[in-house]
Amino acid sequence: RSFSGFLASMLAVHLLQTRRVGNTMSSYQLLRMIFKTLATVDWTKNGTFMHQDENTPAPADFHGQYEVVFVDDSGHLNLTAHMTEASYKELVGEAQIALRCLDSSAGDASN
């Protein structure tokens with residue numbers, strides 16, 4: 001399965017909850033932070049958890065069952081349960097290209 005608008009929205013919520021983005025940021029800044037997070041955080045090794053406490057499964061439990069881990073606010077549901085590592089790596093590559101495009105003054109990321 002692939003990355004969806006729902007997952008992008010959940011990632012935006014997570015970034016807001018963890019104060020990596022703020023209410024006063026522009027849509028460009030929010031989109032850039034989403035791309036940056038996708039390009040730099042490895043959900044196949046560390047995972048992302050919107051909520052975690054002593055009553056939720058341990059990260060190792062999720063990583064033992066799933067290739068890609070992004071857990072919702074309940075701490076029990078892996079939103080990327082059906083995503084393969086290969087499709088996730090493709091997503092990371094696309095996020096890196098998008099960042100290069102945004103950071104390029106000429107708008108050409110092919111160089």
Side-chain angles (χ1 to χ4, degrees):
R1 302 223 182 208
S2 63
F3 194 73
S4 66
F6 174 74
L7 286 175
S9 296
M10 294 304 288
L11 180 54
V13 168
H14 174 68
L15 294 174
L16 186 62
Q17 288 175 337
T18 57
R19 294 180 172 35
R20 293 185 63 200
V21 298
N23 292 334
T24 60
M25 292 177 94
S26 70
S27 56
Y28 170 84
Q29 291 169 317
L30 174 61
L31 182 63
R32 190 179 186 294
M33 184 55 76
I34 289 172
F35 288 148
K36 183 177 179 183
T37 300
L38 290 170
T40 58
V41 177
D42 190 348
W43 292 353
T44 64
K45 291 189 174 50
N46 302 319
T48 293
F49 296 83
M50 294 181 72
H51 175 80
Q52 199 173 12
D53 63 27
E54 65 276 354
N55 298 317
T56 59
D61 294 337
F62 284 103
H63 283 287
Q65 296 293 317
Y66 304 104
E67 294 180 43
V68 183
V69 177
F70 177 28
V71 178
D72 77 338
D73 209 21
S74 75
H76 294 276
L77 177 65
N78 181 11
L79 300 171
T80 55
H82 297 293
M83 185 180 287
T84 65
E85 185 172 355
S87 64
Y88 175 73
K89 296 295 183 184
E90 183 178 350
L91 173 66
V92 168
E94 294 297 324
Q96 291 168 343
I97 291 169
L99 274 176
R100 284 197 302 271
C101 284
L102 293 175
D103 292 342
S104 170
S105 61
D108 181 14
S110 62
N111 294 339

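Heavy atoms only: backbone and side chains are in, while hydrogens, waters and symmetry mates are out. Just so you know, these numbers come straight off a predicted model, no measurement behind them.
- Within the model, atoms CE of M83 and OG of S4 stand 7.5 Å from one another, a figure rounded to the nearest 0.5 Å.
- Counting only residues at least two apart or on different chains, no salt bridge (Lys or Arg N to Asp or Glu O under 4.0 Å) pair has a member in residues 4-17.
- Legend: residues meeting side chain to side chain donor-acceptor pair (under 3.5 Å) with D72, ordered by chain and number and at least two apart, are S74.
- V69 pairs with exactly one of T48, D61, N46, N78 by the side chain to side chain contact (heavy atoms under 4.5 Å, CB included) rule, that one being N78.
- Scored by the side-chain contact (heavy atoms from CB on, under 4.5 Å) test, A12 finds L30, I34 as partners (sequence neighbours excluded).
- Listed by first and then second residue, the salt bridge (Lys or Arg N to Asp or Glu O under 4.0 Å) pairs involving residues 21-34 are R32-D103 (not counting sequence neighbours).
- Under the rule for a side chain to side chain donor-acceptor pair (under 3.5 Å), the partners of D42 that lie at least two apart in sequence or sit in another chain are T44.
- Looking at residues two or more places apart in sequence or on another chain, you find a side chain to side chain donor-acceptor pair (under 3.5 Å) between D53 and H51.
- Remark: F62 engages F49 in a ring-ring contact (aromatic ring centres under 6.0 Å, His included) (not counting sequence neighbours).
- Looking at heavy atoms from C-beta onward, L38 lies in side-chain contact with L11 at the 4.5 angstrom threshold.
- Looking at residues two or more places apart in sequence or on another chain, you find no side-chain contact (heavy atoms from CB on, under 4.5 Å) involving Q65.
- Exactly one residue among D73, L77, T18 makes a side chain to side chain contact (heavy atoms under 4.5 Å, CB included) with M50. That residue is D73.
- Listed by chain and residue number, nothing satisfies the ring-ring contact (aromatic ring centres under 6.0 Å, His included) test with Y66 (two or more places apart in sequence, or in another chain).
- Expressed to the nearest 0.5 Å, how far CG of L99 lies from CD of E94 amounts to 12.0 Å.
- Ring pair W43/F3 is tilted by interplanar angle, where 30° to 60° counts as tilted.
- Counting heavy atoms from C-beta outward, F35 and L102 have side chains that approach closer than 4.5 Å.
- For E90, the side-chain contact (heavy atoms from CB on, under 4.5 Å) test picks out no residue, with sequence neighbours left out.
- Under the 4.5 Å side-chain contact rule for hydrophobic residues, Y88 and V71 do not share a cluster.
- Within the structure, no pair that satisfies the salt bridge (Lys or Arg N to Asp or Glu O under 4.0 Å) test touches residues 14-29, not counting sequence neighbours.
- Considering all non-hydrogen atoms of both residues, P57 and H76 come closest at CD-ND1, 3.5 Å.
- Contact annotation: the side chain of N23 approaches that of L16 to within less than 4.5 Å [non-hydrogen atoms, C-beta and beyond].
- Remark: S26 engages Y28, Q29 in a side-chain contact (heavy atoms from CB on, under 4.5 Å) (not counting sequence neighbours).
- With values rounded to the nearest 0.5 angstrom, S87 atom OG is found 8.0 Å from E67 atom CD.
- Residues S2 and L7 share a closest heavy-atom pair of O-CD1, 4.3 Å.
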